[in-house]
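Report on one structure; see the data block that follows.
Convention: sequence-line order gives letters A, B, ...; per-chain numbering from 1. Values in this document were obtained by computation on a predicted structure and should not be read as measured data.
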Amino acid sequence: MASVFEYAPAPESRSVVDIAPSYGLFIDGEFTDAADGKVFKTVSPSSEEVLAEVAQAGAADVDRAVKAARRAFEKWSALPGSERAKYLFRIARIIQERSRELAVLETLDNGKPIRETRDADLPLVAAHFFYYAGWADKLGHAGYGADPRPLGVAGQVIPWNFPLLMLAWKIAPALAAGNTVVLKPAETTPLSALFFADICRQAGLPKGVVNIIPGYGDAGAELVAHPDVNKVAFTGSTAVGKAIARQIAGTDKKVTLELGGKGANIVFDDAPIDQAVEGIVNGIFFNQGQVCCAGSRLLVQESIHDELLDSLKRRLSTLRLGDPLDKNTDIGAINSADQLARITALAETGEAEGAERWSPACELPSSGYWFAPTLFTNVTQAHTVARDEIFGPVLSVLTFRTPDEAVAKANNSQYGLSAGIWTEKGSRILAVANQLRAGVVWANTFNKFDPTSPFGGYKESGFGREGGRHGLEGYLDV
Amino acid sequence: MSESSATRLNVFKTYKLYVGGKFPRSESGRVYEVSDSKGKWLANAPLSSRKDARDAVVAARKAFGGWSGATAYNRGQILYRIAEMLEGRREQFVREVGEAEGLSKSKAGAVVDAAIDRWVWYAGWTDKIGQIVGGANPVAGPFFNLSTPEPTGVVTVIAPQDSSFLGLVSVIAPVIATGNTVVVIASEKSPLPALSLGEVLATSDLPGGVVNILSGKAGEMGPHLASHQDVNAIDLAGADPVLAKELEIAAADNLKRVLRPQPVDDWSADPGMSRMTAFLETKTVWHPTGSLGAGGSSY
């Protein structure tokens, strides 16, 4: 379909962010080289341009960082909660001040549209620090006893899909509760975490309370295995989550895992179609579908299947894919060549297994990693694209006839992170929500996040909750 | 230097009320003399009238919809902004509190610091109180049942008489943190720090009318506010036992929520939650969950 509207380019300026040619590990309040001198390059996925060279943490660096965090723990945990709160409020305020810079940086390093980093990631990051800042001197009111104690050193490993937001989800509650942290950002998106290290310095945070060690999976595994780590927090794939669960078996380490998902987005026949279409699009194409709670399985009541699919295809034809820094861009780049290869392979499997593939006419840029928004129809529950997490802009469409069938199909998954329900009937929303085995259920909306609201999965989507009052539990000795 | 400071005459501040985001004089045209702890004249303060009190209630009511409707996050941001603004004017308040309460500079400094930190404490409560005092109720039936706290409305506060600043902050911050709006009668003897606080609030993104500060006699304005039909609650913190009883009786006319005066030895102690919960209503919403069946739910 021809584009109805022509847009002039509206690029956000890169000049607001100053990326240094190289970055060190942030350990004990200082930027430092890796012990073995290793470095890796981080590229902009939309152009494959090298953004910076970053020190790559190895086992010796992990040990150094954990020791720094351990040294800092005694004083940090002994501070009155009201003083820890004020550090976190400072961090929140500096993030607000620097949010445009961080939004542009995140878009460059991750490939997601500036519209998302500016309007979703960064406001949520600041809000998360604000929220947990307020908890630091109120832990006795949180329902975990009069004076709950922190655990110690938290080892945190985060993914590349929301680099700074996942950092906030990990660091804010950890520090509020009185822990110190060693955080390993993903190898494809280390920059915003390193800028955060600078924010810690601006805020005057005591040395060693936050340590940032960019690196690969081996560094993450070292961190998880380190004997002086008291708490492991991981967000990422279910396969790695299971490996971590095995690795920490027999230790005293507390663990929270936020893993994969295959969220069902259930649309009943009385749903307002246009609103549902917007929700479906947001559910699977937000952040190019690289979202663990994405609504990647669309379950449509059979009677409205054709009407809904017509509307959805029309809407997909208007999505704008391209330069993530352009303010009109809806779909940015896939984060890495590896991820693009995974998405491509799974989509090919979908076709090979007989599902019907459709994408709108969509020109892909010549450099960078791109994948057009894609629908699969005639999908059955046995199809790979209905079972495996694709972590890309690929939606599988299934149908149902009765609410019972919708619930059965929605729950027919190893995962249980998120689900969506679209209907005008309140009692149906609540009845269906009661039956769903998923940690977050959105009704007549999708992909809503708030620091006050707990997030996390059932089944193989992991355990523990992040956000809200519940999010404190994972960082307290309770 | 010393010569010029010796010859330069300083400019006195005219202390005014803070009502509806503006700084009016008392409509009555009256003032009264305010002295420091040694009896030295400090300033004239407005001696507010019944009409000033009624105007303040109108302003507070007008502000209630917007303030109670703001997100808890937004209210928290604004309360934190008050702390930021106060920190920047710390020296002014150290001087005013020192004069008002006869405290040394270091003791007055500790009082002002505690007042700043108190705003931070309540800034953190705005988006948490609902998670502590509200929640889902497991009723024995197919119903979603959720209780949430809501602000009670316009709250009148008789501020503590002795702790003219930390006491004042400690009684108004919990009232507005949850979305109420407030009309406060400052310490009669030492109203100046309270009146200066209005200048901080006016520059902190706090909507006009959320906090209204009157100076004068609690015994004169109190009865009118306690019997005012558009006031929802009254905090008697600074009322003496005789006045407190009189106001509690008057407040019964429209069943205002009443917080009786409680002995406070140390306003810098952990304030807990009771000053917030005193001015909250609980709203419980029921909704059928129905049951799944071929035709959907039974409702």
Original post:
So do the side chains of B:W267 and B:V111 get within less than 4.5 Å of each other, counting heavy atoms only?
Top reply: no

Subject >> B:W286 and B:F143 aromatic ring geometry - parallel, tilted or perpendicular at 30°/60° bounds >> reply: perpendicular

Original post:
So, A:N447 versus A:W442: side-chain donor-acceptor pair below 3.5 Å or not?
Top reply: no

Original post:
Is a side-chain N or O of A:W76 found less than 3.5 angstrom from the main chain of A:N179, in a donor-acceptor match?
Top reply: yes

Subject >> Inter-chain contacts: residues 129-136 of chain B against chain A, heavy atoms under 4.5 Å >> reply: B:Q131, B:I132

**OP:** For residues A:F455 and A:W169, establish whether the separation of their ring centroids is below 6.0 Å.
**Re:** yes

Original post:
Is there a donor-acceptor contact under 3.5 Å from the side chain of A:N282 to the main chain of A:F446?
Top reply: yes

Original post:
Do the side chain of B:N232 and the main chain of B:V154 share a donor and acceptor less than 3.5 angstrom apart?
Top reply: yes

Subject >> Test: B:E101 and B:K107 ion pair at under 4.0 Å >> reply: no

Original post:
So, A:K409 and A:E405, do they make that salt bridge, N to O below 4.0 Å?
Top reply: yes

Original post:
Under 4.5 Å, heavy atom to heavy atom, which residues of residues 78-87 of chain A contact chain B?
Top reply: A:E83, A:K86

Subject >> Heavy-atom donor-acceptor pair, B:S187 side chain to B:Q161 backbone, under 3.5 Å >> reply: yes

Original post:
How would you list, in number order, the residues of residues 166-176 of chain B that have a heavy atom less than 4.5 Å from chain A?
Top reply: none

Original post:
At a heavy-atom separation under 4.5 Å, does B:D127 approach chain A through its side chain, its backbone, both, or neither?
Top reply: both

Original post:
Just how far is it from atom NZ of A:K459 to atom CG of A:L417, taken to the nearest 0.5 Å?
Top reply: 11.5 Å

Original post:
Do A:D404 and A:T402 get their side chains close enough for a donor-acceptor pair, meaning under 3.5 Å?
Top reply: no

Original post:
Is the A:Y132 to A:Y475 ring centre distance short of 6.0 Å?
Top reply: no

Original post:
Only one of A:R90, A:R98, A:E97 clears side-chain hydrogen bond (donor to acceptor under 3.5 Å, both in side chains) with A:Q202; which?
Top reply: A:R98

Original post:
Heavy atoms, side chains only, cut-off 4.5 Å: are A:E258 and A:T256 in contact?
Top reply: no

**OP:** Measure distances from A:N434 to the heavy atoms of chain B and classify the residue's part below 4.5 Å as side chain, backbone, both or neither.
**Re:** side chain

Subject >> Passing option when A:F268 is tested against A:I429, A:T423, A:L299 for side-chain contact (heavy atoms from CB on, under 4.5 Å) >> reply: A:T423

Original post:
Where the side chain of B:T126 meets the backbone of B:Y122, is there a donor-acceptor pair that is under 3.5 Å apart?
Top reply: no

Original post:
Tell me, side chain or backbone of A:V432 under 4.5 Å from chain B's heavy atoms, or both, or neither?
Top reply: both

**OP:** Residue by residue, scan residues 73-93 of chain B and write down, ordered by number, those that have a heavy-atom distance under 4.5 Å to chain A; if none do, write 'none'.
**Re:** B:Y73, B:Q77, B:Y80, B:R81, B:E84

**OP:** Answer yes or no: is there a side-chain heavy-atom contact under 4.5 Å between B:R275 and B:D235?
**Re:** yes

